[in-house]
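Since the structure comes first, as structure tokens, the remarks are kept for the end.
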Amino acid sequence: MEFILTLLLILLSTKLAGHLSVALGQPSVLGKLIVGIVLGPAVLGWIQNGEFIHYMSEIGVLLLMFIAGLETDLDQLRRNWKSSFAVAVGGIILPLFGGMGIAELFGFSYSHALFLGAVLSATSVSISAQVLKDMNKLNSREGSTILGAAVVDDILVVILLAVLMSFFGAGESVSLGLLIGKKLLFFAVIILAGWLIVPRLLKWLSSLKVTEPTVTVALVICFAFSWFAEWTGMAGIIGSFAAGLAVSQTAFRQKVEHKVEPVAYAVFVPVFFVSIGLNVSFEGVGGQIGFVLILSAAAVLTKLLGGGVGARLTGFDTRSSLAIGSGMISRGEVALIIAATGLQSGLLLPEYFTSVIIVVIATTLLTPPMLKYVFRERVGAD
């Protein structure tokens, strides 16, 4: 029953920390992220990042992005596609070269420097989506641009990663044509499925004489889209976000959102927030403090400026551009996965792995207060 005690600790501590965070004028998600560091190996060591945490947090982040998709205005997303593309490109180019420059400054080889730049180029907006939701900004022009940019960023970074592994990785070479083909397949299938299959599936199966058939079918769609996204080389969160968009276009949107949200935020999403902090460990970092501080500063500034300039060039004012740049800063679970892949393929030096993970976590922790500061609005508690 150890996992029950672990779950008890997570649920109670995240709610208390979230409340305290709001009382101090910060987004509730910031307190929940810090709880993971405090309860995890870095401080108290009460919770370890095992299989139970891994699976619960995977479900949590998928549900989080599914709900974000449900609440997103698809028309707003379409209107801002040019801005989203510009933000994504700017948010990749600047971190890529910034990371490479810092890596070469610390004596990395060319291939290792390229990979470090690729890690900094990644973006995970799951945390940003939660903050935007808390501030009621998910459907704003800025929010839609951030969400759209995250999709483009995921595609470009995965292609960049595949190129690096093909040329420099220790594993098998990756076919770039096959990779791009899978991406095109992903979008073709989810657009067709969202248009033709999802509405019919919900309509047919919602009449089943069982408990909550509509919500179950919606979750099946969410997990199916997520699995397909992973299979085609995309992040699973992009698939669940697309599933949420598809369901939002049906008559079942409100019912699904009303039923899924309590389950997600009561159990699974808190575990995801805590799991981010559990990756922090300060062992062996003593001699790399300078590297961590410089790389953290570069990780924040390059995304802020890269995404912000992309937004500014496509018609946003300075304040909105800063908000969009801030929303792209979090590297989250996407960069954690890329770093682990780099470690396995030999593209990330083992002695720098922990330092890179700390930088990724630092960007994730900084995103909520930065978004709150830029929008300057009071964030409500959960």
Can you tell me if [X] uses its side chain to pair, donor with acceptor, with the backbone of [Y] under 3.5 Å?
X      : Y      : value
His112 : Glu104 : no
Asn139 : Glu71  : yes
Thr363 : Val360 : yes
Ser248 : Leu245 : yes
Thr367 : Ser128 : no
Lys303 : Ser121 : yes
Ser21  : Ala17  : no
Ser206 : Thr214 : no

Quiz item: side-chain contact (heavy atoms from CB on, under 4.5 Å) between Phe66 and Ile221: does it pass, once the steps are laid out?
Solution: CA-CA 10 Å; Phe66 178 63; Ile221 293 166; 5.6 Å; no
What is the minimum heavy-atom distance between [X] and [Y], and which atoms define it?
X      : Y      : result
Leu202 : Ala218 : CD2-N, 4.1 Å
Thr6   : Ile47  : CG2-CG2, 3.9 Å
Arg200 : Trp195 : NH1-O, 4.2 Å
Ala339 : Ile357 : CB-CD1, 4.1 Å
Gly143 : Leu132 : CA-CD1, 4.0 Å
Glu230 : Gly236 : OE2-N, 2.9 Å

Practice problem: Assess the pair Phe108 and Tyr352: is the distance between their ring centroids shorter than 6.0 Å? | Solution: yes
Could you tell me if the side chain of [Y] sits less than 4.5 Å from the side chain of [X], heavy atoms only?
X      : Y      : answer
Leu160 : Leu96  : yes
Tyr110 : Met100 : yes
Leu7   : Phe3   : no
Ile146 : Val87  : no
Leu39  : Ser13  : yes
Ile361 : Ile37  : yes
Thr216 : Val210 : no
Leu147 : Val151 : no

Answer yes or no: are there more than 12 heavy-atom neighbours, outside [X] itself, under 6.0 Å from its atom [atom1]?
X      : atom1 : value
Phe52  : CZ    : yes
Lys183 : NZ    : yes
Phe187 : CZ    : yes

Quick check on the hydrophobic clustering: are [X] and [Y] connected, directly or via other members, by side-chain heavy-atom contacts under 4.5 Å?
X      : Y      : answer
Phe223 : Val215 : yes
Ile4   : Val267 : yes
Leu208 : Leu201 : yes
Val43  : Leu278 : yes
Ile53  : Trp46  : yes

Quick check for you: to the nearest 0.5 Å, what is the distance between [X] atom [atom1] and [Y] atom [atom2]?
X      : Y      : atom1 : atom2 : value
Met65  : Phe225 : CE    : CZ    : 14.5 Å
Lys372 : Lys137 : NZ    : NZ    : 13.0 Å
Leu16  : Leu11  : CG    : CG    : 11.0 Å
Leu365 : Ile329 : CG    : CD1   : 12.5 Å
Phe97  : Leu114 : CZ    : CG    : 8.5 Å
Leu105 : Leu295 : CG    : CG    : 11.0 Å

Quiz item: In terms of the angle between their ring planes, are Phe228 and Phe186 parallel, tilted or perpendicular, with boundaries placed at 30° and 60°?
Solution: parallel
Exercise. Apply side-chain contact (heavy atoms from CB on, under 4.5 Å) to Val309 and Leu94, showing your working.
Key: CA-CA 10 Å; Val309 168; Leu94 221 58; over 6 Å; no
Quiz item: Can you find a side-chain donor-acceptor pair between Asp317 and Ser320 that sits under 3.5 Å?
Solution: yes
Quiz item: Run the side-chain contact (heavy atoms from CB on, under 4.5 Å) check on Gln288 and Thr354 step by step: do they pass?
Solution: CA-CA 10 Å; Gln288 297 177 10; Thr354 301; over 6 Å; no
Practice problem: Run the numbers on Arg331 and Leu120 for side-chain contact (heavy atoms from CB on, under 4.5 Å), then give the verdict. | Solution: CA-CA 7 Å; Arg331 296 343 191 257; Leu120 293 196; 4.1 Å; yes
